[in-house]
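One structure below.
Predicted model, so just to flag it, every value in this text is computed and none were measured.
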2 protein chains.
Amino acid sequence: MSATKAGRPRRKRAGQYHHGDLRRALIEQALRTIDAAGADRLTLRGVGAALGVSRTALYRHFADKEALLAAVAREGFRLLREALLEAWERDGRGAAGFEAMGVAYLRFAIDHPSHYRVMFGRFVESGERDADLEAEAESAFGALVDALTALQRDGLARADDPLLQARFVWSVTHGIAMLVIDGRLRGCDEDAAALNRYTAERLRQALSAEPAPGANR
Amino acid sequence: MSATKAGRPRRKRAGQYHHGDLRRALIEQALRTIDAAGADRLTLRGVGAALGVSRTALYRHFADKEALLAAVAREGFRLLREALLEAWERDGRGAAGFEAMGVAYLRFAIDHPSHYRVMFGRFVESGERDADLEAEAESAFGALVDALTALQRDGLARADDPLLQARFVWSVTHGIAMLVIDGRLRGCDEDAAALNRYTAERLRQALSAEPAPGANR
DNA sequence: ACCTGAACACCGTTCAAGT
DNA sequence: ACCTGAACACCGTTCAAGT
């Protein structure tokens with residue numbers, strides 16, 4: 001729109017570095033590359049080139065490649081949390097909403113397998129972890145804890161430690177997500193659907209108030 | 001011992017390439033590096049140097065770096081399968097043996113987190129997968145299917161499709177393993193132990209023959 | 001402040017050449 | 001057959017210099 005945007009697109013004008021938020025643009029470009037080709041194929045030089053920016057411009061906003069990946073992972077947990085909350089609330093904050101959360105979780109992993117992989121499996125040996133990333137992951141996990149607490153209040157789930165219960169549920173869901181995006185279920189669609197159905201049943205049984213005989217409480 | 005081993009250790013003797021099985025040595029060296037520093041830190045040049053061999057010698061035995069990693073992953077599934085079978089048989093091929101398998105699985109993941117990570121999470125975008133690796137992974141999974149089949153025969157588990165049931169159990173265990181080695185459980189030891197205990201209980205409940213009323217079968 | 005361009009120390013992989 | 005050494009096309013990262 002503005003006159004300063006005119007001129008040859010390949011040519012850099014003096015004083016015209018980059019439009020508004022380069023940091024944001026870097027994250028989004030990295031995410032595009034990761035979704036399209038996987039995190040292994042991500043190069044800082046490629047990200048810069050795609051944005052028409054020098055390959056060292058990135059270092060003004062990120063300490064190194066790991067920091068960029070941490071930002072991408074953080075963005076993933078933010079999107080995941082939003083998807084979980086949306087599903088939970090849309091389907092009535094009850095048993096149906098809880099199952100919808102599970103579906104939304106798997107959908108996220110299946111739709112963005114490379115992004116999902118960056119969110120986990122990083123920082124094994126790094127020792128130090130990004131505090132913001134940690135907080136965002138905890139926040140997404142919190143959506144699950146809150147849902148289970150609500151279910152317990154309404155007598156729809158065993159009255160166990162919600163944190164422990166949430167970790168168990170997360171383990172199951174994360175495990176399925178990994179098996180699916182690793183392609184370890186052969187007849188992909190059908191097998192995955194069957195596993196989802198079976199798991200939902202088993203989870204219902206595992207979390208229901210114990211009906212077994214002999215328990216005095 | 002032999003006279004040919006004498007001489008300067010840094011100096012290469014003419015005609016003395018490498019002792020017996022270089023392929024095996026390459027896998028084991030790669031595994032050492034991965035266990036010590038993580039798969040990200042693995043370089044082919046480093047592996048060659050550690051073995052006193054040129055950095056291109058590797059290409060006589062592996063097509064590329066990915067192929068070496070596939071061999072390392074395959075070795076992992078072999079070791080995992082052995083650990084699972086050993087636990088299952090040692091503890092009596094029953095309910096106790098089944099729980100021992102779970103413990104052995106988590107022990108493997110915790111003792112070799114980087115190796116465990118290489119076994120999963122690879123080959124997202126590669127398309128083609130190593131057939132031998134696939135077979136070894138299937139074989140390890142088979143140990144779980146066999147155990148569940150035996151439990152069902154003895155009336156110790158619901159009579160569901162063993163394959164589906166095994167996938168569910170694997171998902172849970174894999175999910176926990178990932179949470180633990182990602183360091184997502186804060187008070188590492190204590191929290192992990194509590195989660196293991198809780199999960200074992202929930203799994204018992206989820207796999208027990210359904211005691212719910214109203215079922216006519 | 002933010003960005004650039006050259007430079008450095010690495011990679012994986014290829015290939016003609018040695019034994 | 002198996003291994004070597006030089007070479008190629010890449011990386012991430014640093015840094016003095018520009019505006």
Take atom [atom1] of [X] and atom [atom2] of [N], then tell me their distance rounded to the nearest Å.
X	N	atom1	atom2	answer
A/Asp40	C/dG12	CG	C1'	13 Å
A/Asp21	C/dA1	CG	C1'	15 Å
A/Asp64	D/dC15	CG	P	14 Å
B/Leu68	C/dC11	CG	P	15 Å

Out of [options], whichever nucleotide has its closest atom nearest the side chain of [X]:
X	options	result
A/Ala57	C/dA7, C/dG5, C/dC3	C/dC3
A/Arg60	C/dT4, C/dG12, C/dC2	C/dC2
B/Lys65	C/dT14, C/dT4, C/dT13	C/dT13
A/Arg45	D/dT14, D/dC11, C/dT13	D/dC11

Residue met sooner reading DNA chain C from 5', once B/Gly46 and A/His61 are mapped to nucleotides
A/His61
Trace of the ring-ring contact (aromatic ring centres under 6.0 Å, His included) decision for A/Phe98 with A/Trp88:
CA-CA 6 Å; A/Phe98 183 67; A/Trp88 166 248; 7.2 Å; no
A/Phe108 vs A/Phe77, test: ring-ring contact (aromatic ring centres under 6.0 Å, His included). Steps then yes/no.
CA-CA 10 Å; A/Phe108 180 88; A/Phe77 279 113; 8.7 Å; no
Indicate, with a heavy-atom threshold strictly under 4.0 Å, whether A/Leu42 touches base, sugar-phosphate, or nothing.
sugar-phosphate
Using a 4.5 Å cut-off on heavy atoms from C-beta on, say whether the side chain of A/Phe120 contacts that of B/Arg184.
yes
Base paired to D/dT19 (Watson-Crick or G-U; both N/O distances under 3.5 angstrom)
C/dA1
Taking a pair as Watson-Crick or G-U wobble with both distances under 3.5 Å, which nucleotide is matched to D/dA9?
none
What about B/Arg55, does its side chain sit under 3.5 Å from the base of C/dG12 through a donor-acceptor pair?
no
At less than 3.5 Å, do the side-chain atoms of B/Thr43 and the base atoms of C/dG12 form a donor-acceptor pair?
no
Would you call A/Glu136 and A/Arg74 a salt bridge, using N to O less than 4.0 angstrom?
yes
